[in-house]
Every structure is written in structure tokens, then in C-alpha cells.
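We count ligands from 1, going down the list as the structure has it; atoms in each ligand are counted the same way.
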Amino acid sequence: MTASIKPFNAGAFTASIPGIEVITEPSQLAKLSQDYHTFSPVLTPLLEGKIADIVVRPANQTEVIQVAAACAKHKIPITVRGAGTGNYGQCVPLYGGVILDMTRMQEICWVKEGVARVQAGVKLAALDKKAREIGWEMRMAPSTYRTATIGGFVAGGSGGIGSIQYGLMADKGNLLGLQVVTLEDEPRVIELRAEDVQKANHAWGINGIITEVEIPLGPAYPWAEVIVTFDEFMSAAKFGKALALSDGMIKKEIGVFALPIPQYFTALRQYISDGKHAALLIVAESSLELLPGLIQEFNGEVTYSKSAIDAGKGANIAEYTWNHTTLHARSADTSITYLQSIFPTDNLKTVEHMHQHFGAEVMMHLEFIRFKGSIANPALQLVRYTTEERLNEIIRYHEEHGVFIANPHSYFIEDGWKRAIDPEHLKFKQMVDPYGLMNPGKSKTITP
Ligand SMILES: Cc1cc2nc3c(=O)[nH]c(=O)nc-3n(C[C@H](O)[C@H](O)[C@H](O)COP(=O)(O)OP(=O)(O)OC[C@H]3O[C@@H](n4cnc5c(N)ncnc54)[C@H](O)[C@@H]3O)c2cc1C
């Protein structure tokens with residue numbers, strides 16, 4: 001598939017979208033053309049200077065349709081943006097054109113028992129708060145839940161806090177419906193339901209503009225936050241696994257961090273002594289009573305415990321997990337970068353091997369999730385970066401040992417979690433984006 005992009009003509013384009021909010025001020029354009037690909041020393045120079053010609057901020061679906069029609073008419077590339085917290089350069093407009101900022105579309109259409117429908121620009125924390133009013137909550141959220149939008153999570157995220165209970169966003173049942181606006185001459189509004197949601201799920205904004213999301217909720221628990229420290233990293237990892245496998249214990253987060261990672265958690269340092277590895281946990285209060293027995297088995301020590309009523313006051317444990325770990329480490333040392341991996345299910349043998357093999361060069365950060373009916377270990381290891389060659393060597397070594405790498409140092413969809421564009425994705429793209437205008441350049445399969 002090839003795209004038919006034409007040069008941007010500001011006058012002609014803006015004349016096609018009268019009354020819709022736009023931004024053309026250069027420093028704002030530069031800011032809104034960025035995301036968190038800057039965690040990668042490889043992506044940073046590659047994406048430097050890639051800036052949109054205009055940012056458009058629709059207030060409702062009618063305005064989204066008008067912008068889509070204008071882009072199709074003038075053959076202008078369009079990059080949809082939520083909060084811009086993606087970390088693969090997903091929101092960076094490689095070919096300029098329009099950034100479609102969805103953050104004004106913040107309506108929570110409805111919330112009922114077990115399910116909610118919201119506009120794409122709704123922040124995850126706002127939906128969670130609303131759902132909690134009736135005893136429900138988001139099943140899972142990225143550690144960026146306070147700023148990230150639901151549209152951006154569906155189109156660019158994968159899972160996070162809550163995935164230990166519910167799996168990943170891509171898993172059947174974690175997304176019920178998507179409303180998508182096409183980039184045709186006369187844009188249509190399509191409702192995708194059941195299996196069809198996968199046509200736009202994790203499509204990085206190349207398969208239509210998501211305007212509404214219908215998402216299942218989980219029962220809201222009172223969540224306690226706990227920090228456990230360990231002398232041995234493998235004791236921490238084995239404890240994490242034992243807790244993950246305790247099906248009757250309700251948990252939302254199990255993150256395990258090898259030394260010296262906890263030292264980057266400034267606000268938590270007082271609870272984690274130097275020389276200790278740590279596990280950061282979010283557990284339902286009803287399961288807390290069972291925790292000490294399990295911790296004792298692995299020689300851990302509880303150093304911090306916050307009841308549900310106090311969680312959210314002061315430091316939030318969730319904001320030290322997933323890719324927030326990288327954020328904290330980089331605040332202390334910008335030469336640190338990271339990997340995104342899934343370890344084979346071999347009773348933590350490969351985890352132990354990599355921990356020993358790389359030592360301080362690759363610091364182990366393990367997460368635990370429910371995955372295809374079992375427990376899996378995604379990891380977001382911190383890497384002391386030296387050269388791109390060495391980084392690729394580290395990646396290769398992991399792959400040779402059966403570790404799946406969703407490469408955060410590439411901006412191609414095919415190098416990420418999915419490793420390919422599904423033929424169904426491509427078929428849908430040909431229909432919804434016949435001119436190849438959506439986020440061009442992000443797929444190896446589609447020539448801009
Ligand atoms: C510190 C940090 C921690 C993170 N932790 C996690 C984590 O725990 N789990 C996780 O999965 N991710 C994580 N991420 C990545 C990212 O924050 C999440 O995926 C987040 O959900 C993205 O939401 P957003 O609104 O910022 O999306 P954006 O970054 O704005 O967009 C992401 C992608 O979705 C597309 N898109 C956005 N909105 C729409 C729409 N309405 N229609 C069509 N396409 C759209 C964009 O074009 C882009 O390709 C983290 C990132 C950082 C920097």
C-alpha cells in the first residue's frame with residue numbers, strides 16, 4: 001500500500017475546517033509533536049525536527065469528521081494524539097501535516113455495572129474516579145493513568161497496573177467497542193464490536209480516528225500498597241511469582257526491582273535500605289492477612305504498608321512501576337535507557353541467567369501479568385547505554401535466549417509488541433485510510 005501525500009497548504013486546509021480550534025504557534029507545534037521516545041538514545045536523533053504543520057483540537061465527533069474530510073481532500077498526513085505519553089515515537093509526525101489533539105473530547109458517555117463508554121480523550125484517572133462512584137474501576141491502566149487518554153491507551157498501550165488480574169488490553173474481552181472515523185472523501189463513523197475491535201486495537205493511529213471507546217470494568221477493591229525488601233534478587237523474583245500464582249489473593253501490581261534500581265525511587269528511599277532489592281505491591285486489603293506468611297517463605301521484610309484509605313496521599317506506588325521506573329532512573333541519570341521484554345515461562349531460569357550475565361549493565365525490573373491463562377514476566381530492564389551497537393548486542397543476546405523484545409528503540413509497529421501487521425489490520429486500513437494518510441512511516445509494510 002502506498003500513500004498519496006501532498007504538500008501542506010495552510011490557507012486551503014484551514015479554510016476547509018472553519019470554526020475548529022487550531023494551533024500554529026511554533027513552540028506549541030514542536031511540543032505537541034513530541035512524545036516519550038526521548039527515553040531512547042537511538043530514537044531521539046532519528047525523530048529530531050519532525051514537527052507538524054498544524055495542530056487541530058476538535059471538540060466533538062462532527063469536528064473530527066470535518067478534519068478527516070479536509071485531510072482526505074488535501075491529502076494531508078494526520079497523526080492522532082492523546083496525551084503524547086507513548087514511548088515509541090508513535091505520536092511524532094514523520095511527514096508533518098496535522099496533529100489531531102483529542103484531549104478536548106472528554107465526555108464520559110455512561111458508566112454502568114461492569115462497563116463504561118467514553119470519548120477517546122477521557123483521561124484514564126477520570127474514568128476510574130467516575131466508575132468508583134458505583135463500585136467499579138478500570139481493569140488495567142498504564143502507570144501514566146493520570147495523564148494518558150483512553151484512546152491513546154487502546155491505540156498505543158499494552159497493559160499495566162491490573163494486568164496481573166486481567167491480562168493485556170489485546171486479550172479477548174478487555175475491549176468491547178470502538179467508534180472509528182474514517183479518512184475517506186466522505187468520512188464514515190464505524191462501530192467495531194466483539195472480535196472486530198482488534199482491527200483498530202493497538203494500531204498506533206493508522207487505522208481510523210477512535211472517537212469513542214466502550215470498555216469493561218472490574219469490581220473496585222480497597223487497594224493497599226506494600227513494599228517488601230530482600231537481600232537476594234532471586235528471592236524477590238520467586239516471591240513475586242508465588243504471589244502471582246496465588247489465585248485467591250487479589251492483587252493489582254507486582255513489580256520486582258533489582259539493586260540499584262530502588263535507589264532511583266527518591267520518595268521511597270527511606271523504606272528501601274541500600275543493598276536491598278525490592279518488590280512493590282498493590283494488593284486488596286482482604287488479601288493482606290495472607291501476605292506475611294508468603295513474605296516469610298522468601299526471607300523478605302515489609303518496610304512500608306499503606307491502607308487503601310491512605311493510598312494516593314503522598315507517593316503512589318503505581319507511579320514507580322512499569323515505565324515509570326525508567327522515568328525515575330532517567331531523572332537521576334539520563335544515560336540510562338531501557339528494554340521491553342517478555343521472558344519465557346521457565347520458572348525464572350532465564351531471568352536469573354540475564355541478571356547474572358549482565359550484572360550492573362542491565363538492571364532487572366520484572367513485572368508479573370496474567371497471560372494466556374498463565375503467569376508471564378514482562379520486564380522493563382534498565383540499560384546503562386554506551387553505544388547503539390552494544391544495545392543491539394544486548395537485545396540479540398536476549399532474543400537468542402528466548403526473550404521476546406518489543407524494541408523501544410524502533411518507531412516501526414512491526415518491531416513492537418505485535419511484531420507484524422495483522423492482515424486484518426491491513427485490510428481494514430485499505431478501507432478506512434485509502435490514501436495512506438494516517439501516521440505515515442510507522443509501518444514497514446506501508447510505503448508513505
Ligand atoms: C513514564 C511512562 C510510563 C508508561 N507506562 C505504561 C504502562 O504501564 N503500560 C502501557 O501500556 N504503556 C505505558 N506507557 C506508554 C503510554 O503512556 C501509554 O500507552 C498511554 O496509554 C498512551 O496514552 P496517550 O493518551 O498518551 O497516547 P498517545 O501517546 O497520545 O498516543 C499513542 C498512540 O495512539 C494513537 N492514538 C492516540 N489517540 C488515538 C485515537 N483517539 N484514535 C486513534 N489513534 C490514537 C497515537 O497516534 C499514537 O500512535 C508509559 C509511558 C511513559 C512515558
### Message
With a sphere of 6.0 Å drawn around OH of Tyr36, does it hold more than 12 non-hydrogen atoms of other residues, nucleotides or ligands?
### Response
no
### Query
What are the two closest heavy atoms between Ala68 and Thr182, and how far apart are they?
CB-O, 3.5 Å
### Query
Knowing that exactly one of Tyr320, Tyr264, Phe257 qualifies, which makes a ring-ring contact (aromatic ring centres under 6.0 Å, His included) with His328?
Tyr320
#### Entry: Asn407 and His409 side chains, donor-acceptor separation under 3.5 Å
no
### Task
For the pair Asn87 (side chain) and Phe39 (backbone), establish whether a donor and an acceptor sit closer than 3.5 Å, ignoring hydrogens and angles.
no
Put together the list of close N/O pairs, under 3.5 Å, between ligand 1 and the protein, could you?
from     : atom 1 : to     : atom 2 : distance (Å)
ligand 1 : 5 (N)  : Ser143 : OG     : 3.0
ligand 1 : 8 (O)  : Ser143 : N      : 3.0
ligand 1 : 9 (N)  : Gly159 : O      : 2.6
ligand 1 : 11 (O) : Ser158 : N      : 2.7
ligand 1 : 11 (O) : Ser158 : OG     : 3.3
ligand 1 : 11 (O) : Gly159 : N      : 3.2
ligand 1 : 11 (O) : Gly159 : O      : 3.1
ligand 1 : 14 (N) : Asn87  : OD1    : 3.4
ligand 1 : 17 (O) : Thr85  : O      : 3.2
ligand 1 : 17 (O) : Thr85  : OG1    : 2.6
ligand 1 : 17 (O) : Thr144 : OG1    : 2.8
ligand 1 : 25 (O) : Ala83  : N      : 2.9
ligand 1 : 25 (O) : Thr149 : N      : 2.9
ligand 1 : 25 (O) : Thr149 : OG1    : 2.7
ligand 1 : 26 (O) : Ala83  : N      : 3.4
ligand 1 : 26 (O) : Gly84  : N      : 3.2
ligand 1 : 26 (O) : Thr85  : N      : 2.8
ligand 1 : 26 (O) : Thr85  : OG1    : 2.6
ligand 1 : 29 (O) : Thr85  : N      : 3.1
ligand 1 : 29 (O) : Gly86  : N      : 2.8
ligand 1 : 30 (O) : Gly82  : N      : 2.7
ligand 1 : 30 (O) : Ala83  : N      : 3.3
ligand 1 : 30 (O) : Gly84  : N      : 2.8
ligand 1 : 41 (N) : Ile210 : O      : 2.9
ligand 1 : 42 (N) : Ile210 : N      : 2.9
ligand 1 : 47 (O) : Val80  : O      : 2.6
ligand 1 : 49 (O) : Gln90  : O      : 3.4
ligand 1 : 49 (O) : Trp204 : O      : 3.1

### Query
Between the side chains of Thr445 and Glu414, is a donor N or O closer than 3.5 angstrom to an acceptor N or O?
yes
